[in-house]
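Note sheet for the following structure.
These values consider heavy atoms only, across backbone and side chains, with no hydrogens, waters or symmetry-generated copies. In the text below, chain A, chain B and the rest are named by the order of the sequence lines, each starting its count at 1.
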Amino acid sequence: MKSHLCELLHTALQNLQAQNIVAAGALPDIGVEHARDQQHGDFASNIALTLAKSAQRKPRELAQQIVAHLPASDKVARVEIAGPGFINFFLAPAAWQDVVNAILDAGAAYGRAAQTSAHPVQVEFVSANPNGPLHVGHGRGAAIGSALANLLEAAGLKVQREYYVNDAGRQMDILAASVWLRYLEVCGEPVVFPVNGYKGAYVYDIARALQQTHAARLRHPLSDVMRDAPSDAAADDSVGGSGDKEAHIDALIARMKTLLGADDCRAVFDLGLSTILADIRDDLAEFGVRYDHWFSERSLTESGAVQRAVERLRQSGHLYESGGAWWFRSTAFGDEKDRVVVRENGQPTYFASDIAYHLGKYERGFERIVNVWGADHHGYIPRVKAALSALGEDAARLHVVLVQFAILFRGKQRAQMSTRAGEFVTLRSLRAEVGNDAARFFYVMRKSDQHLDFDLELATSRSNENPVYYVQYAHARICSVLKQGEDKGWAWSSVRGRAHLDLLVEGHERKLLATLARYPELIEAAAALYEPHQVAYYLMDLATDFHTYYNALQFLVTDDNLRDARLSLLVATRQVLRNGLNVLGVSAPTSMQRDDDDEK
RNA sequence: GCGCCCUUAGCUCAGUUGGAUAGAGCGUUGGGUUCCGAUCCCAAAGGUCAGAGGUUCGAAUCCUCUAGGGCGCGCCA
């Protein structure tokens with residue numbers, strides 16, 4: 001509809017150009033938007049205001065000229081000039097009513113743009129280190145990333161969903177050491193667990209599995225393990241200075257490698273990695289989050305990709321040596337300071353892997369690359385972009401969506417975030433408490449760069465305060481009305497309904513039709529801005545329009561034509577609710593559990 | 001100290017490329033169901049868009065400064 005009006009205006013302006021009323025040459029983008037106030041019609045354009053200066057005419061006068069040259073359209077009932085020079089369009093009822101046909105014809109494809117490009121977009125999200133179960137912070141990245149990928153797909157892009165598995169590096173070594181120490185403990189060694197180790201209960205589970213397969217074969221006396229190790233920090237993590245927790249754990253890792261040997265060490269490491277990764281996969285799959293690709297960080301080193309990336313930087317003159325390490329001159333590309341890519345000990349840094357990883361994304365042919373990162377990584381963006389620029393890639397094709405933290409509340413009370421030291425509430429436990437639908441909806445409800453207050457009480461409540469139930473109830477209610485109609489022998493006739501859409505003339509119907517018509521534009525705009533929360537807000541609006549309509553008018557009336565016209569509108573509404581919920585990964589139930597069902 | 005993000009109603013938040021009288025929900029107050037599920041709907045009150053300058057026909061939106069909050073500033077990942 002918008003584009004139709006733009007075309008009309010465009011034609012009018014070309015006529016004016018021919019008469020030299022408007023300067024020849026390129027016309028500016030014609031702005032047409034939804035009028036906020038009903039008095040201002042359905043759509044409004046400010047084109048006369050923006051062109052007034054160059055045309056050297058008063059805005060209202062120019063607006064009159066434009067209106068006089070507008071081609072006739074059966075979709076436009078009348079056009080008015082208002083305020084400082086806005087051109088307001090009032091649509092013909094048929095133009096609104098036709099939306100129902102469009103939705104019923106397209107079904108699940110309504111709002112879905114045709115594929116515009118052969119080159120896919122990549123969305124990388126969650127990518128949590130596989131050293132423990134996902135917690136509620138990762139959940140938001142999962143919900144937003146997954147909804148964003150769906151949204152981009154709906155907007156006509158080909159999307160690849162990827163998880164970057166950090167299966168290398170010191171954190172993973174610490175996990176392996178933690179597993180091994182718990183294994184020794186299970187074997188009966190008097191282990192004093194390191195302050196810096198992973199203390200979660202899941203580490204015991206892996207240790208027991210290790211014992212199942214290897215019995216006592218990997219057991220070494222604790223005295224051998226601890227020999228000459230620097231003392232650990234105080235258990236309460238106070239500054240006391242009793243020892244160095246970093247040096248302590250590093251020594252234990254080194255000792256593990258010499259005592260076990262490379263192969264057994266790798267076996268422990270891999271068992272920990274695969275167990276946790278499998279858990280993460282299951283967790284996300286249950287959450288309705290799926291991936292096309294799990295990309296291994298370790299593979300970058302093993303394939304030599306990291307070496308190649310560093311070499312390319314070196315050859316293009318962006319590296320220099322200082323203090324025995326190799327530095328990337330990222331300040332030349334806007335970063336705050338230069339960054340080390342190869343350490344003094346010859347090991348590449350995590351950053352070096354990340355350069356290779358991102359370079360690989362470009363080489364894989366993605367037109368756009370979207371990274372969903374926790375907000376604490378924001379300082380990392382300039383250096384990654386700097387590296388890509390240095391390698392001759394267009395850094396603007398990389399877009400980072402920063403996701404702020406979610407804070408759990410139970411009513412007004414801030415919920416306990418850690419059960420034990422360093423152990424966050426898991427995504428699993430959150431899902432168990434509030435359900436997948438509420439979790440996903442709440443996670444995406446806020447703009448991603450906004451902190452999220454996640455109210456557990458609200459998420460589980462069944463009332464209009466809870467937006468998930470509010471939207472889902474609208475869907476269920478429509479299903480219920482249709483069923484009720486069938487029970488009365490008034491099964492909905494699509495043909496008869498569509499033949500009488502002109503009967504949809506009530507204010508509430510018009511409002512609902514306008515909201516339905518807006519859906520494709522919403523998808524397009526939300527996708528362009530990488531803002532899935534807009535879909536959530538739209539659905540709440542749509543649900544409100546429906547519930548209001550429901551209360552104001554009867555659908556199951558005796559007049560066959562009117563009834564089927566209204567039911568057609570309801571079916572269209574249900575379709576759009578479904579399509580929108582689908583983007584968010586939230587289910588569209590056909591009936592809602594009633595409160596009294598709970599009581600025994 | 002430097003950098004990035006944020007600040008809109010009592011609370012939690014929307015606000016589409018700068019547009020007309022800044023919007024929802026909750027909470028508060030007052031209403032609505034012999035009828036398709038009241039898990040719903042309607043109405044009222046509630047604002048110096050953190051503050052001060054600037055840009056222009058026009059600013060919550062763009063620019064500068066100030067105040068407050070969050071995060072980041074490793075040869076960790």
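For the OP1/OP2 pair of A38(B) and a distance below 4.0 Å, the side-chain nitrogens and oxygens of Arg477(A) include at least one atom meeting the criterion. Residue Arg343(A) places at least one side-chain N or O closer than 4.0 Å to OP1 or OP2 of A77(B). Note on Lys447(A): a side-chain N or O is less than 4.0 Å away from OP1 or OP2 of G15(B). Close to G3(B), at under 4.0 Å from its OP1 or OP2, lies no side-chain N or O of Lys337(A). For C57(B), the OP1/OP2 oxygens have no side-chain nitrogen or oxygen of Arg60(A) closer than 4.0 Å. Between G37(B) and Gln484(A), a contact under 4.0 Å exists linking OP1 or OP2 to a side-chain N or O. Look at Tyr550(A) and you'll find a side-chain N or O under 4.0 angstrom from OP1 or OP2 of A38(B). OP1 and OP2 of C75(B) both lie 4.0 Å or more from every side-chain N or O belonging to Thr349(A).
The nucleotide G47(B) finds no pairing partner, because no Watson-Crick or G-U wobble arrangement with both distances shorter than 3.5 Å includes it. Across all strands shown, G18(B) forms no Watson-Crick or G-U wobble pair with both distances under 3.5 Å. For G3(B), the paired base is C71(B) (Watson-Crick or G-U wobble, both distances below 3.5 Å). Using the Watson-Crick or G-U wobble rule with both distances under 3.5 Å, A60(B) pairs with nothing in any strand shown.
Using a 30° and 60° split on the angle between ring planes, Trp373(A) and Tyr380(A) fall in the perpendicular class, above 60°. Between Phe328(A) and Phe351(A), the angle of the ring planes lies from 30° to 60°, which puts this pair in the tilted group.
Comparing the C1' positions of G46(B) and G68(B) gives a spacing of 24 Å, expressed to the nearest Å. Comparing the P positions of A60(B) and U16(B) gives a spacing of 12 Å, expressed to the nearest Å. Annotation: A20(B) and C5(B) have their P atoms spaced 26 Å apart (nearest Å). Taking the C1' atom of each, U61(B) and G18(B) are spaced 6 Å apart, rounded to whole Å. Rounded to the nearest Å, the gap between the C1' atom of A14(B) and that of G47(B) is 15 Å. Comparing the same atom, P, in A9(B) and in A52(B) gives a spacing of 16 Å after rounding to whole Å. C71(B) and U66(B) are spaced 22 Å apart, taking the P atom of each and rounding to whole Å. Taking the P atom of each, G51(B) and U33(B) are spaced 44 Å apart, rounded to whole Å.
Atom CG in Asp376(A) sits roughly 13 Å away from atom C1' in C73(B) (whole-Å rounding). Between the CG atom of Asn131(A) and the C1' atom of C76(B) there is a distance of 12 Å, given to the nearest Å. Atom CZ of Phe405(A) is separated from atom P of C5(B) by 17 Å (rounded to the nearest Å). Counting to the nearest Å, the P atom of U39(B) and the CG atom of Asn551(A) are 11 Å from each other. Per the geometry, CG belonging to Asp335(A) stands 14 Å off P belonging to G3(B), to the nearest Å. Following rounding to the nearest Å, Glu344(A) (CD) and G74(B) (C1') show an atom-to-atom distance of 14 Å. Taking atom CG of residue Leu452(A) and atom P of nucleotide C13(B), one finds them 8 Å apart after rounding to whole Å. Between the C1' atom of A77(B) and the OH atom of Tyr163(A) lies a distance of 13 Å, rounded to the nearest Å.
A cation-pi contact links Arg314(A) to Trp326(A), judged by a cut-off of 6.0 Å to the six-membered ring centre and 45° from its axis. Stacking of Arg477(A) on the aromatic ring of Tyr550(A) is recorded, both the 6.0 Å distance cut-off and the 45° axial limit being met.
Between C6(B), C75(B), U16(B), one nucleotide has an atom nearer to the side chain of Ala525(A) than all others, and that is U16(B). Across G15(B), C36(B), G19(B), the shortest atom-to-atom separation from the side chain of His533(A) is found for G15(B). Considering only the side chain of Arg446(A), C13(B) comes nearest among C76(B), C13(B), C5(B). When the nucleotides C75(B), G15(B), U39(B) are ranked by their closest atom to the side chain of Ala325(A), C75(B) comes out on top. Checked against G37(B), C57(B), C41(B), the side chain of Ser591(A) finds its nearest nucleotide in G37(B). For Tyr537(A), counting side-chain heavy atoms from C-beta on, the closest listed nucleotide (G15(B), G19(B), A14(B)) is A14(B). Distances from the side chain of Glu336(A) to the nucleotides A77(B), C41(B), G72(B) place G72(B) closest.
A donor-acceptor pair shorter than 3.5 Å can be found between the side chains of Arg446(A) and Tyr537(A). Side-chain polar atoms of Asn129(A) and Gln171(A) form no donor-acceptor pair below 3.5 angstrom. Residues Thr460(A) and Glu457(A) bring no donor and acceptor atom of their side chains to less than 3.5 Å of each other.
Between Thr548(A) and Tyr473(A), the residue anchored nearer the 5' end of RNA chain B, judged by the nucleotide with its closest heavy atom, is Tyr473(A). Sequence order on RNA chain B of the closest nucleotides to Gln450(A) and Gln554(A) puts Gln450(A) first from the 5' end.
Put simply, His40(A) rests on the base of A20(B): the two rings are less than 5.5 Å apart at their centres and nearly parallel, under 30°. With centres under 5.5 Å and a plane angle under 30°, the ring of Phe86(A) is stacked against the base of A20(B).
In this structure, Ala526(A) reaches neither bases nor backbone, as no heavy-atom distance under 4.0 Å exists between it and the strands shown.
One finds no salt bridge joining Arg383(A) and Asp338(A) here, because no Lys/Arg side-chain nitrogen approaches an Asp/Glu carboxylate oxygen to under 4.0 Å.
Inter-residue side-chain proximity for Pro130(A) and Met172(A) is flagged as met; some heavy-atom pair is nearer than 4.5 Å.
Asn88(A) contributes a side-chain N or O that forms a donor-acceptor pair with the base of A20(B) under 3.5 Å. Side chain His378(A) to base G3(B): a donor-acceptor pair is found below 3.5 Å. Judged by atom type and distance alone, Asn46(A) reaches the base of G19(B) through a side-chain donor-acceptor pair under 3.5 Å.
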